Protein chains: 2
Amino acid sequence: MRRSDRLSEIIEIVQDGRLHLARDIAARLEVSVRTIYRDFDTLVASGIPIEGERGVGYLLREPVFLPPMNLSLAELEALHLGMAIVAEAADTELQAASISLTRKMNKVATANGTVPKNWGFGVYPFVQARIGFEHMPKIRSAIRAKEKLKIDYLSLDDISSTRIVRPLQSAYWGKIWTVTCWCEARDDFRSFRIDRISRCRPSGIFFKDEPGRRLEDYLEKVNSQMTGRPDASTQVK
Amino acid sequence: MRRSDRLSEIIEIVQDGRLHLARDIAARLEVSVRTIYRDFDTLVASGIPIEGERGVGYLLREPVFLPPMNLSLAELEALHLGMAIVAEAADTELQAASISLTRKMNKVATANGTVPKNWGFGVYPFVQARIGFEHMPKIRSAIRAKEKLKIDYLSLDDISSTRIVRPLQSAYWGKIWTVTCWCEARDDFRSFRIDRISRCRPSGIFFKDEPGRRLEDYLEKVNSQMTGRPDASTQVK
DNA sequence: CCGCAACTGACAAATGCTGTCAGTTGATGT
DNA sequence: ACATCAACTGACAGCATTTGTCAGTTGCGG
């Protein structure tokens, strides 16, 4: 096995986010432990955020490592346009992420002449209100963690309520953001407009996927109704 | 200089899209020509689309090569959301690009458990009409190439006209796409709604950036007017 | 058919990588 | 305070890879 191959193997191994011991990796790759230590040196030297702790093991800090990749011009354009839109249409967390990603890409791509400095894309503010945007990072991480949320919601007819929901998906409709949930009180799917959520906090209670209450079930249900706007039937006014 | 560093140097050198001779690269990196040939072998073997032609030189086929990179979870989310929106809001060329880019990312990112298979993003059609979308690839490549376009335009009061324009920027307003141009006939900036362009063809005539007629000049002019919608004053109804 | 520059093969020399060994360091638990 | 664990470090001999030199071949364009 070539050294360079071994280095990328190590990245793949460490990428699962769990702790790894140098000796295990050494056994798996059939080299000595010393070599693994040296390999980690090399990887860290080339900027890969691996952290080793004495007595504990190794861990990859950032969750994803992108291997070398070739992009076509169209793909690069799509990427830049997408990041420009996200920077306009999403919350500050994603906004910051899209800007830093664009910067990373530019760093490698615009140094030379083939790639235009100016992409010829303009994106102008088209999210009408940014009310409720501060909830979005919380909502996204709750979706990922499958954690129930406690939300205070003001319906479109100005009736407020507090609910415990299982967040499943946050959706973008061009002007507004919604979050689709399984609502524990109503025992059904409900979609909430994020700009009508006045308060939103993690409950500390985690849920498991249950048939009939999953995102897949919601999407299937909606699909079978063949309405133009998928969540019209469950929309919380 | 380490071998691996030299390999990425070579990529950077070749990335400019111009022809390079092995002997020049060898001189620049202070190694022998033979070593450079071997390095190209290595690069090609790891899937980098470099082409060498006898008697000519070396060339990178795809315009952009993305070196290894670390993305945070937020950046990955922004990327997926952006690609989902582009797939909904742009023409088929960009749509295809966004899909293939998403696939490339998924291939490396969802293999292990850290990254969710389902991102919890839904994006629903929010471009009202896809009329005129077929012109967009042409428009984008004309912007890049600085090639004048001949367009047939139907104004909002149903007056049609044919114009020669210098395309500068295509902009997205959440519902509609526009292209901002320097209009040769009017001798001023004009923005056209893409869904009102009935015909659009490259003229074969290329233009150079001239002070007063560039995108920068347009943006500056618009900025100084402090209107909410930058191109209100030059909008072609 | 000549010049160019990409290519290829062979081999010795230089360089870098690896394993072994013998330690140190810092965190954690008893 | 002590032991344990596992990351880390330095040194050195032996081995593997990489490199340069040299002497060719191949394919393209003039």
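In what follows, chains are A, B, ... by sequence order, proteins preceding strands, each numbered from 1. Fair warning: this is a prediction, and the values are worked out from it, not measured in the lab.
Side-chain N/O atoms of A:R34 and A:S32 include no donor and acceptor closer than 3.5 Å.
Ring planes of A:Y37 and A:Y58: tilted class, angle from 30 to 60°.
Aromatic pair A:F121/B:Y172: ring centres not closer than 6.0 Å.
Looking at A:R140, A:K138, A:H135 one by one, the single match for side-chain hydrogen bond (donor to acceptor under 3.5 Å, both in side chains) with A:D91 turns out to be A:R140.
Boundaries of the chain B contact region on DNA chain D are D:dT18 to D:dG27, first to last in 5' to 3' order (nucleotide atom under 4.0 Å from a heavy atom).
For the pair B:I36 and B:R23, the minimum side-chain heavy-atom distance is 4.5 Å or more.
As rounded to whole Å, 14 Å separates atom C1' of C:dT28 from atom CG of A:L19. If you measure from atom CZ of A:R34 to atom C1' of C:dT18, you get 10 Å, rounded to the nearest angstrom. Between A:L29 atom CG and C:dC17 atom P there is a gap of 17 Å when expressed in whole angstrom units. Rounded to a whole Å, the CZ atom of B:R38 is 10 Å from the C1' atom of C:dA10. Atom P of nucleotide C:dA14 and atom CE of B:M1 are separated by 22 Å, given to the nearest angstrom. One interatomic measurement links the two molecules: CZ of B:R23 to P of C:dA6, which rounds to 8 Å at whole-angstrom precision. Distance OH (A:Y37) to C1' (C:dT25): 12 Å, rounded to an integer number of Å. At whole-Å resolution of the value, CZ in A:R6 and C1' in C:dC17 are 8 Å apart.
Looking at heavy-atom distances under 4.0 Å, A:G55 makes contact with a base. Backbone-only contact: A:V31 has heavy atoms under 4.0 Å from sugar-phosphate atoms and none from a base. As judged by a 4.0 angstrom heavy-atom cut-off over every strand, A:F40 is placed among residues making no nucleic acid contact.
Two residues, A:R2 and A:R54, neighbour DNA chain D, and the one matched to the more 5' nucleotide by heavy-atom proximity is A:R54. Take the nearest nucleotide of DNA chain D for B:T35 and for A:E53: the residue whose nucleotide is more 5' is A:E53.
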For A:I13 and A:L29: C-alpha separation, side-chain torsions, deciding distance, then whether side chain to side chain contact (heavy atoms under 4.5 Å, CB included) applies.
CA-CA 10 Å; A:I13 291 171; A:L29 300 181; 4.3 Å; yes
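The heavy-atom pair separating B:E75 from A:L101 by the smallest distance is O-CD2, 3.8 Å.
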